[in-house]
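Just below is one structure, and these are the notes that go with it.
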Amino acid sequence: MTYCNEKNKAIVTYIKNNQSTRYETNFIPIDVEVVKNDSGTYRFYGVGDDGVSYEFTANGINPGYAANTGFNGRGVTPTMNGLFIQPQWYYYVSGYGIQILQSTAICQIKVTGSGNNFTDNIDCPGNYKVSCDDDCPDGYMRCECPGYPGYCCIPCHEIRNEIASITAAVRGINRG
């Protein structure tokens, strides 16, 4: 998603190692994307054109299969993160699959556009907020505060819930 068009600065806030982390840039607009990679050990298996069953294990991220152009365009070859992990002659024609032996999720935040090429590993599921210039992110209200930077951003849903509670209390007093 694109943020901060026609602004001067973008601030991306995300959680890394259970702590709030910020990335600031003056190169705007920016695009922000969270990518989840499954890292682990996988068992690849399948049947080749010769009818022989093949299997092996491999470690990496994003296991999959890609079309094999080395065997008349027939069959698929195992891949990790979009790259072949076996030679082109190692192909499956039918009955292929992947079994997860051990897996952990790794999330990355990617900020691109207008000269930005920032990537960082972050806590999954990879939530982030973007504010432009000194404004609060969407869904937040700006309030003056005594500490730096002189304002704070309060989530609108908290204000909405508090107003609903006060309204209910006042209605109860008026009926009482």
Side-chain angles (χ1 to χ4, degrees), residues 1-5 10-25 27-132 136-140 153-158 160-161:
M1 181 171 201
T2 301
Y3 298 92
C4 303
N5 198 18
I11 301 167
V12 181
T13 306
Y14 55 94
I15 304 297
K16 178 178 181 170
N17 300 326
N18 294 321
Q19 294 187 353
S20 182
T21 305
R22 292 169 48 126
Y23 169 72
E24 294 186 29
T25 181
F27 297 105
I28 46 111
I30 61 170
D31 291 305
V32 181
E33 173 185 26
V34 173
V35 179
K36 181 179 175 187
N37 296 319
D38 293 320
S39 175
T41 304
Y42 302 90
R43 179 177 78 92
F44 291 82
Y45 57 89
V47 178
D49 190 49
D50 54 5
V52 175
S53 295
Y54 297 95
E55 88 173 57
F56 69 93
T57 59
N59 297 316
I61 59 173
N62 298 332
Y65 290 94
N68 185 319
T69 58
F71 184 67
N72 298 326
R74 294 179 43 206
V76 293
T77 299
T79 63
M80 277 290 190
N81 205 25
L83 302 173
F84 288 121
I85 55 175
Q86 291 289 342
Q88 287 272 330
W89 57 264
Y90 204 98
Y91 59 88
Y92 303 135
V93 175
S94 63
Y96 55 89
I98 300 171
Q99 177 186 10
I100 301 170
L101 301 177
Q102 179 184 3
S103 178
T104 57
I106 298 171
C107 290
Q108 282 189 328
I109 190 165
K110 295 183 178 186
V111 180
T112 57
S114 298
N116 290 290
N117 193 12
F118 173 78
T119 303
D120 196 4
N121 291 332
I122 63 175
D123 296 352
C124 290
N127 296 324
Y128 65 91
K129 296 176 195 122
V130 178
S131 58
C132 304
C136 293
D138 288 342
Y140 286 76
C153 298
I154 300 172
C156 292
H157 73 276
E158 287 181 13
R160 187 172 42 248
N161 292 343

Open item on the list: If you define the side chain from C-beta out and look only at heavy atoms, does anything of Pro78 sit under 4.5 Å from Pro63?
Closed with: no

- [ ] Grab the two heavy atoms, one from Val34 and one from Pro125, that are nearest each other, plus how far apart they are.
- [x] CG1-O, 3.9 Å

TODO: Spell out, as yes or no, whether a donor-acceptor pair under 3.5 Å connects the side chain of Asn116 to the backbone of Gly113.
DONE: yes

TODO: Would you check if the side chain of Thr25 reaches a backbone N or O of Ala10 as a donor-acceptor pair within less than 3.5 Å?
DONE: no

TODO: Write down the atom of Lys110, the atom of Thr119, and the distance for their closest heavy-atom approach.
DONE: CG-OG1, 3.9 Å

Open item on the list: Determine whether a donor-acceptor pair (N or O, by modelled atom type, separation under 3.5 Å) exists between the side chain of Thr41 and the backbone of Gln102.
Closed with: no

Open item on the list: The criterion is ring-ring contact (aromatic ring centres under 6.0 Å, His included); which residues satisfy it with Phe44, sequence neighbours excluded?
Closed with: Phe56, Tyr65

Open item on the list: Restricting to disulfide (SG to SG under 2.5 Å), what partner residues turn up for Cys156, sequence neighbours left out?
Closed with: none

TODO: Take atom CZ of Phe27 as the centre, draw a 6.0 Å sphere, and report whether it contains more than 12 heavy atoms from other residues, nucleotides or ligands.
DONE: no

- [ ] Test Tyr14 against every option in Asp120, Asp123, Asn127 by the side-chain hydrogen bond (donor to acceptor under 3.5 Å, both in side chains) rule and name the one that passes.
- [x] Asp120

TODO: Sorted by first residue and then second, give each salt bridge (Lys or Arg N to Asp or Glu O under 4.0 Å) pair with at least one member in residues 91-107; sequence neighbours left out.
DONE: none

Open item on the list: Is the shortest side-chain heavy-atom distance between Ser131 and Thr13 below 4.5 Å?
Closed with: no

